[in-house]
Each structure stands twice: as structure tokens, then as C-alpha cells.
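See structure below.
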Amino acid sequence: MTNIAILGFGTVGGGVYEAISHCNKKPLCDVNIKYILDLRTFPDHPLGDRVTTDFDKILNDESVSIVVETMGGDGVAYKFSLAALKAGKNVVTSNKAVVDKFGAELERVAEENGVVYLYEASVGGGIPIIAPLNSCFMADDIIRVAGILNGTTNYILTHMQSEGKSLEEGIKSAQELGYAEADPHADIAGLDSARKIAILAGIAFDKYISYESIPYIEGIENVTSEDIALAEQLGCVIRLVAVAEKVGDKAKILVAPHLVGNTSLFHAIREAFNAVSVTGSAVGEVVFYGQGAGSLPTAAAVCGDIERAISGKAKTVARKDCEDGFILDINSDTSKMITLPNGKKYRYFE
Ligand code: HSE
């Protein structure tokens with residue numbers, strides 16, 4: 001039996017409960033959710049009596065070996081994660097804001113304390129991408145990681161194309177479906193994708209990269225239905241693509257709406273689905289595809305990390321800091337540009 005605590009019982013935390021309670025695979029079926037930390041009460045929930053507002057109770061309970069942080073935000077969530085790691089507890093999170101801002105420190109503390117800080121669910125929802133990046137490309141120098149990493153914008157772009165929805169209508173339905181961030185600006189302006197590509201690029205290039213160091217982040221605010229229709233005439237769709245690519249011993253990293261031609265697998269990525277393409281020097285291109293947001297898919301990724309923490313399959317090893325000049329200035333970007341008949345220019349993804 002492994003005792004865990006879930007911090008934050010919202011969309012993802014609730015999904016983790018659902019996934020664990022329906023799981024019949026070891027070691028997950030032997031996990032006991034001993035505490036749920038939330039400011040709300042859940043009197044009708046089967047685990048309603050395990051809900052607490054007192055984090056110290058969790059911290060001081062030596063029988064709790066894994067803390068699942070699904071709170072969101074980068075304040076209390078960071079403080080609790082740090083305290084848990086220092087207390088010798090493994091931490092599993094879906095919180096990309098904390099991973100982006102404090103990942104370097106939290107991984108160092110995890111390593112010092114012989115525990116793990118795992119964040120598979122912070123990128124790509126249910127798609128296993130961080131564990132494969134960490135362990136399956138041993139023969140490869142990773143040349144490029146690129147992704148459709150934001151379900152909300154992909155959903156909106158899909159529905160602008162198929163139903164002529166406006167941006168606002170798309171945001172509203174993405175919110176209703178639970179895909180969008182609390183503040184959808186982070187989705188629409190490309191910041192959510194930027195955090196995710198920074199995390200992936202950091203693992204691929206073995207450095208800590210914050211999204212704040214990405215020199216070019218453009219969201220979908222200026223993409224119009226006319227652009228989408230004109231792209232279609234060229235056999236393309238418009239997708240918000242995040243790219244991190246090795247250029248010599250440096251990296252090009254950017255987020256922008258791209259024209260995606262029908263020879264790319266990304267052309268077929270619709271609705272709130274995500275895809276990540278990894279190009280290695282030995283393996284060539286590998287594409288991961290799946291649900292990039294939502295309660296159960298994200299919880300499935302959290303559960304994978306819980307399993308890795310229990311089985312000892314994962315190890316947290318602190319990476320190097322990113323040296324100045326490693327990320328190329330946007331002026332060095334040589335992406336192929338395509339001009340639509342209305343004069344608007346888009347990068348081309350292939
Ligand atoms: N708002 C995010 C998205 C949620 O739409 O992809 C998952 O990170």
C-alpha cells in the first residue's frame with residue numbers, strides 16, 4: 001500500500017481520484033489516497049472525510065510518500081512542492097507554471113533528497129512524452145521537438161474552419177469543455193504552448209529553459225476565418241505550432257501560428273488533440289499524438305508518474321543551467337514563410 005496526498009481537488013485532482021479508483025493494475029490499485037488538500041469541502045464524495053485544509057498534517061505524516069500537486073498557480077503550489085521534497089516525499093505534478101518557473105530548483109532539491117519530481121502531465125495532457133524523452137532517445141542527439149501543445153487553440157482553429165466559429169465562441173466552448181486555462185489569455189496568446197515547449201526543449205537539450213527566454217511567442221489572436229479559408233485553398237491548415245530546433249550548438253525556439261501542409265502529420269490534428277514530433281539523429285522523426293487536455297487524460301499522465309515514483313523507474317537528475325546565447329535571437333530565424341493572397345505571412349511547418 002502506498003499512501004499519497006492530492007493537493008487540489010479540481011479537474012485534474014478529481015480525475016486522479018477517478019483513475020485510481022477504477023484502476024486494477026498494480027501498483028496503482030494499491031494506492032491509498034490518504035489526504036485531499038482543498039479549501040472546499042466535498043461532503044457527498046466517498047473520500048469527503050479525507051479532505052483537509054492543513055498541509056502540515058500531510059507534511060508530517062511519514063506514511064505519505066507521494067504528494068500529487070494539481071493545484072495550479074505558482075505560489076502555494078510551489079511552496080508545498082518544495083516543502084514536500086525537502087521532507088523526503090516524491091512530488092508528481094501537472095502544474096506547468098511551477099515546472100517552468102521553479103523546475104530547476106525543485107529538481108535539485110529532489111536529487112539532494114533522493115526523491116523524484118515528476119511532471120509528465122504538465123505537457124501534452126495524456127500523451128506520454130516526458131518519460132519517453134528522458135529514456136527512449138539514448139542513441140539520439142535530439143535535433144528538433146515540435147508540437148501542437150495547446151488543446152484550446154487547436155479546438156478553436158478546428159471549429160473556426162469547420163463551423164465558421166468566431167474566436168470568442170471557440171473560447172467559450174473550450175472553457176465549457178474544461179480545456180481552457182482559468183485565464184484563457186495564456187492559451188490564446190501562446191503562453192501555455194511556450195511553457196510546454198520550454199519544458200520539452202529543456203529535457204531534449206539537457207538545460208533549464210524558461211518560457212520567458214523564448215524570443216518569439218505569437219498566439220492565434222490575429223488568425224482570421226479568411227486566413228483559414230485561404231490556407232485551405234493551398235492544401236494547408238493553420239495550427240499553433242511550438243518549435244525547438246538545434247541550429248549548430250544553439251537552439252531556435254518559437255511559438256507561432258503556422259501553415260501546415262498535408263504532407264505533415266500535424267495537418268490531421270483536430271479538436272483539442274495535441275501532437276509532439278521528436279526528431280533524433282538516429283531514429284529520425286517520431287510523432288506522439290493524443291488528448292492534450294481534460295480531466296482523465298491528464299490524470300492518466302499523473303498516474304503514470306505515480307507508478308514511476310513507486311517502482312523507482314524514474315530518477316530526478318538536475319540539469320545544467322541554460323547559458324546566455326544558447327537560444328538564438330528571433331532575427332536568426334530562417335523559417336520558410338508563405339504569403340497568403342490577402343498579404344498575410346505565415347511560417348510553414350513541415
Ligand atoms: N489549457 C491547456 C490546453 C490545458 O488547452 O491545452 C492543458 O494544458
Side-chain angles (χ1 to χ4, degrees), residues 8 10-16 19 68-74 77 92-101 103 118-130 145-160 165 167-203 211 214 217-221 223 238-242 255-258 266 269-277 288-305:
T11 307
V12 182
V16 173
V68 176
E69 187 273 294
T70 51
M71 302 175 80
D74 61 14
V92 169
T93 187
S94 58
N95 189 333
K96 60 207 158 236
V98 173
V99 176
D100 177 76
K101 206 164 169 184
L118 302 177
Y119 42 88
E120 180 65 68
S122 66
V123 179
I127 304 174
I129 179 62
I130 290 178
V145 186
I148 293 178
L149 300 175
N150 184 264
T152 299
T153 46
N154 209 60
Y155 174 88
I156 293 169
L157 291 170
T158 305
H159 286 265
M160 280 172 81
K165 272 199 167 137
L167 187 65
E168 289 68 30
E169 287 166 340
I171 295 173
K172 196 163 172 287
S173 26
Q175 279 175 316
E176 283 162 7
L177 291 165
Y179 301 145
E181 297 298 300
D183 172 8
H185 171 75
D187 297 296
I188 306 307
L191 307 179
D192 179 73
S193 297
R195 286 200 171 97
K196 291 168 176 168
I197 196 69
I199 293 170
L200 295 181
I203 297 168
Y211 91 100
I214 297 180
I217 304 172
E218 182 187 341
I220 64 163
E221 302 96 324
V223 178
I238 297 182
R239 293 289 180 260
L240 186 64
V241 183
V255 177
H258 282 67
F266 281 13
I269 312 304
R270 295 172 54 79
E271 305 292 338
F273 282 83
N274 282 193
V276 185
S277 152
F288 300 78
Y289 166 80
Q291 295 191 61
S295 177
L296 274 181
T298 311
V302 170
C303 288
D305 276 348

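Along the sequence shown, residues carry numbers from 1. Below, each value reflects all heavy atoms present in this structure, side chains not excepted, and no hydrogens, waters or symmetry copies. Order of listing sets the numbers, starting from 1, for every ligand and every atom in it.
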| message | Under a 3.5 Å cutoff, is there a donor and acceptor pairing between the side chains of H159 and E169? | response | no
| NZ/NE/NH1/NH2 to OD/OE distance under 4.0 Å, E168 and K172 | no
| Donor-acceptor pair, side chain of R239 and main chain of N154, under 3.5 angstrom | no
| message | Under the criterion side chain to side chain contact (heavy atoms under 4.5 Å, CB included), I'd like the reasoning laid out for I199 against I130: C-alpha separation, chi angles, the key distance, then a yes or no. | response | CA-CA 9 Å; I199 293 170; I130 290 178; 4.1 Å; yes
Give a table of atom pairs where an N or O of ligand 1 lies under 3.5 Å from a protein N or O.
| residue | atom | partner | partner atom | Å |
| --- | --- | --- | --- | --- |
| ligand 1 | 1 (N) | Y179 | O | 2.8 |
| ligand 1 | 1 (N) | E181 | OE2 | 2.7 |
| ligand 1 | 1 (N) | D187 | OD1 | 2.7 |
| ligand 1 | 5 (O) | N150 | ND2 | 3.4 |
| ligand 1 | 5 (O) | G151 | N | 3.3 |
| ligand 1 | 5 (O) | T152 | N | 2.9 |
| ligand 1 | 5 (O) | T152 | OG1 | 2.7 |
| ligand 1 | 5 (O) | Y179 | O | 3.1 |
| ligand 1 | 6 (O) | G151 | N | 2.8 |
| ligand 1 | 6 (O) | K196 | NZ | 3.2 |
| ligand 1 | 8 (O) | K96 | NZ | 2.8 |
| ligand 1 | 8 (O) | K196 | NZ | 2.8 |

| query | Is the closest side-chain heavy-atom distance between Y155 and K165 below 4.5 Å? | reply | yes
| said: Whether the side chain of N150 engages the backbone of S193 through a donor-acceptor N/O pair (distance < 3.5 Å, no angle test) should be reported. | reply: no
